[in-house]
Protein chains: 2
Amino acid sequence: MDLADEGGIDAVSMRKLGQRLGVEAMALYRHVRDKDDLLDGLADIVLREIEPPEGDPDWRTALRGQVLGARAIMVRHPWAPGLLVERGTAGPAALDRIEAVLATLFGAGFSVDLAHHALHVLSSRIFGFSQDLFDDSPRGREPGPMPPADRYPNVEVMARAASHEGGLGYCDDDVEFAFGLDLILDGLERLRG
Amino acid sequence: MDLADEGGIDAVSMRKLGQRLGVEAMALYRHVRDKDDLLDGLADIVLREIEPPEGDPDWRTALRGQVLGARAIMVRHPWAPGLLVERGTAGPAALDRIEAVLATLFGAGFSVDLAHHALHVLSSRIFGFSQDLFDDSPRGREPGPMPPADRYPNVEVMARAASHEGGLGYCDDDVEFAFGLDLILDGLERLRG
DNA sequence: ACCTGAACACCGTTCAAGT
DNA sequence: ACCTGAACACCGTTCAAGT
């Protein structure tokens with residue numbers, strides 16, 4: 001995890017890990033079957049950083065808090081979402097999280113059926129990321145060439161609004177994440193009723 | 001793309017691509033700056049497979065069709081979602097898609113503000129995948145050890161319902177994908193009004 | 001202009017050998 | 001039980017050299 005935090009997921013190589021541990025890379029094979037095995041373990045460790053909900057809030061508050069907490073972890077470990085996507089979520093830590101979410105949903109009277117749908121639609125959020133694919137705010141990246149306005153008139157309109165102070169000034173990944181989450185929670189609440 | 005379809009994204013190496021083209025790997029550097037450059041091109045090519053909407057349907061039908069079409073492409077190229085997540089969506093093909101979605105939304109009277117939120121919340125679906133992280137149906141994978149029922153009672157309940165014929169028998173990735181999409185579209189429709 | 005050969009610094013993984 | 005050294009089959013990328 002230290003290696004990944006410092007240099008991204010590609011910095012996690014058997015050789016570099018061995019070096020960090022003061023050992024030859026080949027020694028690791030005594031403790032881990034493959035690199036796959038090692039990465040499974042890493043994925044599990046990140047998910048364990050997510051803390052269980054405190055107190056006994058209603059289902060919506062509980063779920064919202066869990067998801068937002070999970071997201072905070074992923075922001076701290078930017079390599080984690082990619083790792084989870086690649087490896088799936090069949091490990092014990094992932095199961096623990098799903099169990100907790102289901103307990104919340106069933107406890108709130110969700111049918112098995114609706115809870116199942118909810119799990120699917122929330123899945124990427126439960127694990128803390130929504131794959132916010134399109135890059136708005138140039139956070140850190142080089143500004144890049146503005147797309148030509150004549151080919152992309154509508155993109156241009158939105159980009160202009162976004163850069164305008166006070167217009168879409170609150171364009172912020174956290175805000176967008178919460179917006180999407182609340183949209184889904186609203187929908188689930190309605191279906192439950 | 002052929003290499004990726006046949007052997008996954010890891011099969012796309014400069015050396016293997018050279019071999020496929022009857023040329024040494026180093027010759028590729030005359031046509032492409034890096035491997036990064038090559039993968040950017042590959043990402044662009046997949047997105048170009050998505051066909052624009054036909055006719056002039058209402059915004060919801062248009063968007064739904066686009067998203068479902070995009071998803072069909074990703075099912076055909078299972079390596080593509082991972083590639084898109086990793087590389088972002090700043091290429092021209094991605095911009096074309098965003099432009100089309102925005103045109104639909106603005107045409108339907110969405111405010112710049114709401115269209116912007118919609119783009120974020122739909123982003124991963126616009127590009128054809130929702131990162132369905134948790135594995136329900138054991139599609140092809142080894143069944144794996146059933147999680148111990150005492151540790152995961154709620155997971156157990158759901159798994160039992162899912163395997164029960166007729167219960168959650170329709171548990172199907174396509175159905176879940178559409179469920180999530182409709183949930184979001186419902187929400188947007190309400191906010192628009 | 002386009003391609004090749006040799007080289008460099010990396011990978012994951014094996015296997016026999018050491019203590 | 002745990003680790004090492006040498007080896008194998010791979011990577012991406014460079015650079016000078018060929019046609």
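Throughout, protein chains are lettered first and strands after them, A, B, ... in sequence-line order, and every chain is numbered starting at 1. Treat the numbers as computed from the prediction; the structure is a model and nothing was measured.
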*Asks:* Tabulate protein N/O versus nucleotide N/O from nucleotides 13-17 of chain C, keeping only pairs under 3.5 Å, one per line.
*Replies:*
unit_1, atom_1, unit_2, atom_2, d
dT13(C), OP2, Tyr29(A), OH, 2.9
dT13(C), OP2, Lys35(A), N, 2.9
dT13(C), O5', Tyr29(A), OH, 3.3

*Asks:* Considering only side-chain heavy atoms of Ser13(A), which listed nucleotide, dT4(C), dC3(D), dC11(C), is closest?
*Replies:*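 Selected nucleotide (nearest to the side chain): dC11(C).
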*Asks:* Report the base-pairing partner of dG18(D) (Watson-Crick or G-U wobble, both distances below 3.5 angstrom), or none.
*Replies:*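 Per the H-bond distance test, dC2(C).
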*Asks:* For a 4.5 angstrom cut-off between non-hydrogen side-chain atoms, does Tyr29(A) reach Asp37(A)?
*Replies:*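 No, their side chains stay 4.5 Å or more apart.
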*Asks:* Can you tell whether the side chains of Asp5(B) and Arg76(B) come within less than 4.0 Å, N to carboxylate O?
*Replies:*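 Salt bridge: no.
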*Asks:* Is the phosphate of dC11(C) approached by Lys16(A) (side-chain N or O, under 4.0 Å from OP1 or OP2)?
*Replies:*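 The answer is yes; a side-chain N or O of Lys16(A) sits under 4.0 Å from OP1 or OP2.
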*Asks:* Starting at CZ of Arg30(A), measure out to CG of Leu28(A) and round the result to the nearest 0.5 Å.
*Replies:*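 These two atoms lie 11.5 Å from each other.
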*Asks:* Which whole-number value in Å describes the distance from Glu24(B) CD to dT4(C) P?
*Replies:*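 So the two atoms are 5 Å apart, to the nearest Å.
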*Asks:* Give the rounded distance in Å between these two atoms: CD of Gln19(A) and C1' of dC10(C).
*Replies:*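 Gln19(A) atom CD is separated from dC10(C) atom C1' by 12 Å.
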*Asks:* Report the base-pairing partner of dA7(D) (Watson-Crick or G-U wobble, both distances below 3.5 angstrom), or none.
*Replies:*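 Checking every strand shown, dA7(D) finds its partner in dT13(C), with both distances under 3.5 Å.
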*Asks:* Quick one: Asp10(A) CG to dC11(C) P, roughly how many Å, whole number?
*Replies:*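 For the pair Asp10(A) CG and dC11(C) P, the rounded distance is 10 Å.
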*Asks:* Just by modelled atom types, is the Ala108(B) backbone N or O under 3.5 Å from a matching donor or acceptor in the Arg192(B) side chain?
*Replies:*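 It does hold such a pair.
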*Asks:* Is the distance from OP1 or OP2 of dA1(D) to the nearest side-chain N or O of His31(A) less than 4.0 Å?
*Replies:*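 So the side-chain polar atoms of His31(A) never come under 4.0 Å of the phosphate oxygens OP1 or OP2 of dA1(D).
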*Asks:* To the nearest 0.5 Å, how far apart are CZ in Arg125(B) and CD in Gln66(B)?
*Replies:*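 It is 15.5 Å, given to the nearest 0.5 Å.
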*Asks:* Would you mind reporting whether Asp186(B) and Leu183(A) have side-chain heavy atoms less than 4.5 Å apart?
*Replies:*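 Of all side-chain heavy-atom pairs linking Asp186(B) with Leu183(A), none is under 4.5 Å.
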